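Computed from a prediction, not measured in an experiment: that's the story for all the values here.
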Amino acid sequence: MNIKPLGNRVVIKVLEAEEKTQSGIVLPGSAKEKPQMAEVLAVGAGILADEKKKDDIKIGDKVIFSKYAGTEVKMDNNEYTILKLEDILAVVE
């Protein structure tokens, strides 16, 4: 991946949504809800330079982000989302 986020932005890759419900019903693509959990792939220089923010998030973290946040981009047959640090709601531990 050759995307370098600027300022207080991060690049994430959205994790795949479940294709089955808990009861075992298989969902078609149109019925699946867009997942809000992702893995952080790159962090902008503005975050790394800020002593308070750089410990909040790092590459490899699993995060939950706002539902309609970010800009989706496609590179090398992969889909990524670029969003502001403020749009990340939580880090999953």
Side-chain angles (χ1 to χ4, degrees):
M1 181 191 69
N2 293 327
I3 301 174
K4 181 179 175 185
L6 301 175
N8 289 337
R9 290 181 174 77
V10 297
V11 177
I12 59 172
K13 182 164 180 67
V14 177
L15 301 176
E16 295 297 318
E18 291 283 327
E19 293 188 17
K20 285 186 181 179
T21 64
Q22 288 182 344
S23 60
I25 298 171
V26 177
L27 297 173
S30 61
K32 286 188 278 186
E33 188 173 321
K34 181 181 172 186
Q36 290 176 259
M37 188 174 290
E39 181 178 356
V40 176
L41 300 178
V43 178
I47 296 170
L48 297 174
D50 188 332
E51 289 297 321
K52 294 178 185 175
K53 293 180 184 177
K54 76 176 184 180
D55 291 331
D56 288 346
I57 193 155
K58 55 191 169 300
I59 295 171
D61 281 350
K62 300 264 188 293
V63 296
I64 298 172
F65 61 97
S66 297
K67 193 169 197 159
Y68 300 106
T71 301
E72 295 176 1
V73 295
K74 197 170 200 176
M75 272 187 91
D76 303 327
N77 295 324
N78 291 310
E79 290 186 19
Y80 304 103
T81 303
I82 302 171
L83 51 88
K84 293 179 182 176
L85 179 63
E86 293 80 26
D87 292 327
I88 294 177
L89 305 174
V91 175
V92 179
E93 296 180 344

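- The cluster map of Ile, Leu, Val, Met, Phe, Trp and Tyr, joined by side-chain heavy atoms under 4.5 Å apart, puts Leu15 and Val92 in the same cluster.
- Listed for the Asp61 side chain is a donor-acceptor partner under 3.5 Å among the backbone atoms of Lys58.
- If you run side chain to side chain contact (heavy atoms under 4.5 Å, CB included) between Val11 and each of Ile3, Thr81, Leu83, only Ile3 comes through.
- To the nearest 0.5 angstrom, Met37 atom CE is 10.0 Å from Phe65 atom CZ.
- Note: Ile57 CD1 to Ile47 CD1 = 6.5 Å, rounded to the nearest 0.5 Å.
- Contact check for Ser66 versus Leu89: side-chain heavy atoms found under the 4.5 Å cut-off.
- Taking CD of Glu39 as the start and NZ of Lys62 as the end, the distance is 4.0 Å to the nearest 0.5 Å.
- Nearest heavy atom pair, residue Gly46 against residue Asn8, reads C-OD1, 3.3 Å.
- Of all non-hydrogen atoms in Lys84 and Arg9, the two that sit nearest each other are CE-NH2, 3.8 Å.
- Across all non-hydrogen atoms, the minimal contact from Val91 to Asp56 is CG2-O, 3.7 Å.
- Within 6.0 Å of atom NZ in Lys4, 12 or fewer heavy atoms from other residues, nucleotides or ligands are found, so the atom counts as exposed in its surroundings.
- Contact record, Lys67 with Gln36: N-NE2, 3.4 Å, taken as the closest heavy-atom pair.
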